[in-house]
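Below is one structure, written out as structure tokens; the observations come after it.
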Amino acid sequence: MTSLPHIVCEIRKENQKGKGIKMISQTRTTLTQAMWRGFLGRCPHCGEGKLFARFLKVTNHCASCGEELFHQRADDFPAYLVIALVGHAVVPGILAVEVAYSPPLELQFLLWLPLTLIASLALLQPVKGAIVGLQWQSGMHGFESSRRGHQLPVTVARF
């Protein structure tokens with residue numbers, strides 16, 4: 001079973017008499033592009049539409065290109081990644097401050113607990129977006145039709 005690359009299509013009017021919309025160029029969406037678009041909170045297919053309707057609620061479809069996004073199954077994986085990333089950044093800081101300055105325990109809590117909470121909340125949505133981009137580009141779950149490279153019809157609307 002072969003898989004085709006994702007296609008992002010630019011559109012323009014076919015002619016001045018309004019015969020519809022015609023695809024004029026195609027570019028491949030790489031894994032890195034799809035994940036970066038997701039990290040930025042944009043649709044992994046077009047990079048234009050919003051990926052999230054609320055803080056962690058992925059939209060059902062992209063408002064710009066119509067790509068169906070409800071197939072995603074990120075589940076707890078983004079939270080696990082955020083815990084690993086924040087933990088690997090905060091724990092060495094805690095240990096370095098403890099060894100170098102030995103501050104009181106209350107000061108440690110006042111410094112590191114808010115920093116950990118803010119870093120975790122700040123990274124959770126971008127990491128989930130990157131995971132959705134990974135699933136979309138890899139054709140996981142319900143994204144198989146996107147992976148096969150479905151294209152927009154040549155004539156979409158009459159003007």
Side-chain angles (χ1 to χ4, degrees), residues 1-11 23 25-152:
M1 179 168 151
T2 61
S3 58
L4 301 174
H6 294 289
I7 305 296
V8 177
C9 302
E10 295 177 24
I11 54 176
M23 296 186 293
S25 70
Q26 300 175 344
T27 57
R28 180 179 179 187
T29 302
T30 64
L31 176 63
T32 306
Q33 288 174 324
M35 289 183 71
W36 182 248
R37 289 172 180 172
F39 188 85
L40 296 176
R42 298 289 173 204
C43 170
H45 182 242
C46 68
E48 299 293 323
K50 289 182 143 186
L51 184 60
F52 295 98
R54 293 187 301 251
F55 180 60
L56 292 176
K57 172 71 174 148
V58 176
T59 59
N60 287 333
H61 66 280
C62 176
S64 295
C65 68
E67 181 72 32
E68 293 177 341
L69 300 169
F70 61 87
H71 302 294
Q72 65 83 24
R73 296 289 177 259
D75 299 329
D76 293 334
F77 188 50
Y80 294 135
L81 287 179
V82 167
I83 289 168
L85 291 171
V86 172
H88 279 82
V90 170
V91 170
I94 292 171
L95 294 174
V97 168
E98 181 63 35
V99 168
Y101 304 108
S102 253
L105 191 58
E106 295 83 14
L107 183 59
Q108 290 271 42
F109 280 128
L110 286 174
L111 175 67
W112 298 109
L113 284 177
L115 182 66
T116 303
L117 179 67
I118 291 168
S120 297
L121 290 175
L123 281 175
L124 195 53
Q125 187 182 44
V127 169
K128 182 170 182 173
I131 297 303
V132 171
L134 169 76
Q135 291 177 351
W136 176 82
Q137 206 283 335
S138 301
M140 296 173 140
H141 308 297
F143 291 121
E144 293 92 3
S145 63
S146 294
R147 183 67 180 144
R148 285 192 296 268
H150 73 281
Q151 296 180 359
L152 294 172

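Between Gly129 and Leu51 the shortest heavy-atom distance is CA-CD2, 3.6 Å. Here the closest non-hydrogen pair linking Leu121 and Phe55 is O-CZ, 3.6 Å. Taking both residues in full, the closest heavy atoms of Trp112 and Val90 are given as CE3-CG1, 3.8 Å, listed atom of the first, atom of the second, then distance. For the pair Gly133 and Pro44, the tightest heavy-atom approach, listed with the atom from each and the gap, is CA-CB, 3.9 Å. Of all heavy-atom pairs between Arg37 and His45, the closest is NH1-O, 2.9 Å. For Gln108 against Val97, the heavy-atom pair with the smallest separation is OE1-CG1, 4.1 Å.
Atom CZ of Phe70 has more than 12 heavy atoms from other residues, nucleotides or ligands within 6.0 Å. Surrounding CH2 of Trp36 are at most 12 heavy atoms belonging to other residues, nucleotides or ligands under 6.0 Å away.
Contact of the Thr59 side chain with the Cys43 side chain is not registered, since no non-hydrogen atoms from C-beta on lie closer than 4.5 Å. For the pair Val58/Phe52, a side-chain contact is recorded, criterion being any heavy-atom separation below 4.5 Å from C-beta on. In this structure the side chain of Lys128 reaches within 4.5 angstrom of the side chain of Gln72, judged on heavy atoms. The shortest distance between side-chain heavy atoms of Pro103 and Glu98 falls below 4.5 Å.
Going from atom NE2 of His61 over to atom CD of Glu67 covers 11.0 Å, rounded to the nearest 0.5 Å. Atom CG of Leu81 is separated from atom CG of Asp76 by 11.0 Å, given to the nearest 0.5 angstrom. Taken to the nearest 0.5 Å, the OH atom of Tyr80 stands 9.5 Å off from the CG atom of Asp75. One distance of note links CD1 of Ile83 with CG of Leu124; it measures 9.0 Å at 0.5 Å rounding. Expressed to the nearest 0.5 Å, how far CH2 of Trp136 lies from CD1 of Ile131 amounts to 15.5 Å.
Side chain of Gln137 to main chain of Met35: no donor-acceptor pair is present (N/O by atom type, distance under 3.5 Å, no hydrogens or angles).
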